[in-house]
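When a residue number appears, it is its place in the shown sequence, counting from 1.
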Amino acid sequence: MSGSASPVPMALQAEDLHVSFGNARRGSLIRAVDGVSFSVRKGEIFGVIGESGSGKSTLGRCLVGLLTPSGGGVRHGGIDPFRFSRRELNGHRRKYQIVSQDPNAAFDPRMTILQSVCEPLNIAGEGTRAERREKAFEMLDRVALSPEMANRYPHEISGGQKQRANIARALMLDPNVIVCDEVVAALDVSIQADMLNLFARLQEQFGLTYVFISHDLRVVSHISDRVAVMYFGKIVEVGPAHAVMEAPLHPYTEALRSAEPEITPAGADARSRIILQGEIPSAVSPPGGCRFHTRCPRVRDVCRIQEPQQRELLPGRHVACHFAEEMLVEQERKGLSAGRNRVQDMASATQALT
């Protein structure tokens, strides 16, 4: 008699999470993260995609304990880190690291790369000086930086090398989870693929869990197992990365997808670009109903009045849109049409050979 597989433990959870800035009485309250819920399984790469101002970076900082929630909560392996004292939180937070977009801001220009990479262990007071240096050289090697880079200063190495050193420093405290906030956005396209491959190798070597934040849907879908799409502080769609990329079920995701460049001319011809019209909402005074309704090409009266709730439309596919079923039908039709076209192309090619 075979037993059922045990569920994969959760590394990270957001539960109706709110993060606000400003003052409501003065009319300057900004709800940067507004009622976000999701779970990240241990060993998973969970992508978060959205435009600038969607709240994804604020979300990332809150997930690792750098910002305190205004409401709801975060759980690290089932533990609420914000119930710790400040000292306990500092000790706990070492297992939840963040790597940001700008590596220049992460380094003291007066310190060598080796000194900067050693700094987390220096602050924690762990090991001898020799042991800290040995571990730093090991981590630099893991991120493909040669030993001679260790004695250079930040201005003496490239942006890609600095980002690798930044990752090495995050690894020094043996984290369980790393939040990657736009980590390849400032890098040349030629370097981005190498960096994404590096993250994949490190995940395998260290058993890491990633929350991978970006405005680039193609980058996130390439590396992630699942993707959440954020718009103005809310998650509008969640699902497996390949499914969200190939068949989005929310108009905002569809617009993001249409903006991605196609590699082949045939792919570009098959997909028309969706140009979002309308007014971008105010962060201080967001619209009622669906927040995307001011720009949505599919908007109807109910969208302006009633906020859509996130629901599971397909297994593992969650979406917050009143008319997601219509998009699902369209995607299914497109899939059937694409299948027929592939069959016709194969038949034509076979006929040409005979």
Side-chain angles (χ1 to χ4, degrees), residues 12 40 43-64 66 96-107 113 116-117 139-146 149 152 154-172 175 177-231 240-242 244-246 253 256-263:
L12 193 66
V40 182
E44 184 179 27
I45 302 179
F46 186 81
V48 180
I49 183 77
E51 296 172 291
S52 296
S54 63
K56 56 190 188 299
S57 292
T58 300
L59 172 64
R61 290 174 63 80
C62 188
L63 291 177
V64 298
L66 293 176
Y96 295 80
Q97 295 291 308
I98 187 167
V99 178
S100 299
Q101 174 179 349
D102 183 10
N104 293 304
F107 292 101
I113 296 302
S116 290
V117 173
M139 292 307 164
L140 288 172
D141 180 64
R142 293 292 186 105
V143 299
L145 286 178
S146 60
M149 291 287 177
R152 294 186 183 179
H155 70 275
E156 296 177 318
I157 63 176
S158 69
Q161 290 168 336
K162 271 184 277 199
Q163 194 63 291
R164 288 174 184 268
N166 198 14
I167 297 165
R169 186 166 68 171
L171 293 171
M172 289 290 282
V177 176
I178 297 181
V179 173
C180 304
D181 187 9
E182 298 280 14
V183 288
V184 299
L187 304 178
D188 293 339
V189 174
S190 59
I191 302 173
Q192 288 183 2
D194 288 340
M195 193 66 70
L196 294 177
N197 290 334
L198 171 63
F199 278 110
R201 288 198 305 272
L202 293 174
Q203 184 202 27
E204 185 175 342
Q205 292 170 7
F206 293 99
L208 295 168
T209 301
Y210 292 130
V211 176
F212 208 92
I213 296 170
S214 178
H215 66 277
D216 190 329
L217 182 58
R218 187 171 295 278
V219 166
V220 170
S221 63
H222 173 76
I223 195 172
S224 302
D225 300 306
R226 289 188 301 138
V227 170
V229 182
M230 280 192 78
Y231 183 78
H242 66 89
V244 172
M245 184 72 174
E246 293 174 7
T253 314
L256 290 177
R257 173 69 181 91
S258 79
E260 293 294 332
E262 284 287 351
I263 297 175

Q. Are V184 and I191 close enough, and set up right, to give a side chain to side chain contact (heavy atoms under 4.5 Å, CB included), and what steps lead you there?
A. CA-CA 8 Å; V184 299; I191 302 173; over 6 Å; no
Q. For Y231, what residues pass the ring-ring contact (aromatic ring centres under 6.0 Å, His included) criterion, not counting sequence neighbours?
A. Y252, F292
Could you pull out the closest heavy-atom pair between [X] and [Y], with the gap in Å?
{"X": "V227", "Y": "I49", "result": "CG1-CG2, 3.7 Å"}
{"X": "A165", "Y": "V117", "result": "O-CG2, 3.9 Å"}
{"X": "V179", "Y": "G60", "result": "CG1-CA, 3.9 Å"}
{"X": "L145", "Y": "Q161", "result": "CD1-O, 3.7 Å"}

For a 4.5 angstrom cut-off between non-hydrogen side-chain atoms, does [X] reach [Y]?
{"X": "N166", "Y": "V183", "value": "no"}
{"X": "M245", "Y": "V220", "value": "no"}
{"X": "L140", "Y": "M149", "value": "no"}
{"X": "Y96", "Y": "L12", "value": "yes"}

Could you tell me whether the side chain of [X] and the main chain of [Y] form a donor-acceptor pair under 3.5 Å?
{"X": "S221", "Y": "R218", "result": "yes"}
{"X": "Q97", "Y": "L171", "result": "no"}
{"X": "D188", "Y": "S190", "result": "no"}

Drop me the distance from [X]'s [atom1] to [Y]'s [atom2], to the nearest 0.5 angstrom.
{"X": "I213", "Y": "F46", "atom1": "CD1", "atom2": "CZ", "answer": "10.0 Å"}
{"X": "I113", "Y": "R152", "atom1": "CD1", "atom2": "CZ", "answer": "10.0 Å"}
{"X": "S100", "Y": "R61", "atom1": "OG", "atom2": "CZ", "answer": "7.0 Å"}
{"X": "S224", "Y": "H242", "atom1": "OG", "atom2": "NE2", "answer": "12.0 Å"}
{"X": "R164", "Y": "M139", "atom1": "CZ", "atom2": "CE", "answer": "15.5 Å"}
{"X": "D102", "Y": "D181", "atom1": "CG", "atom2": "CG", "answer": "11.0 Å"}

Under 3.5 Å, which donor-acceptor pairs link side chains of residues 194-205 to any protein atom two or more places apart or in another chain?
unit_1: N197; atom_1: ND2; unit_2: A193; atom_2: O; d: 3.2
unit_1: Q203; atom_1: NE2; unit_2: G43; atom_2: O; d: 2.7
unit_1: Q205; atom_1: OE1; unit_2: R142; atom_2: NH1; d: 3.3

**Q.** Under the side chain to side chain donor-acceptor pair (under 3.5 Å) test, residues paired with R226 that sit two or more places apart
**A.**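 Expected list: E44.
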**Q.** S54: partners by side chain to side chain donor-acceptor pair (under 3.5 Å), with sequence neighbours left out
**A.** none
Q.
Suppose we screen for side chain to side chain contact (heavy atoms under 4.5 Å, CB included). Which residues come up paired with E182, at least two apart in sequence or across chains?
A.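 Here the qualifying residues are K56, Q101, A185, S214, H215.
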**Q.** Qualifying residues under side chain to side chain contact (heavy atoms under 4.5 Å, CB included), relative to S116, sequence neighbours excluded
**A.** F107, M111, R169
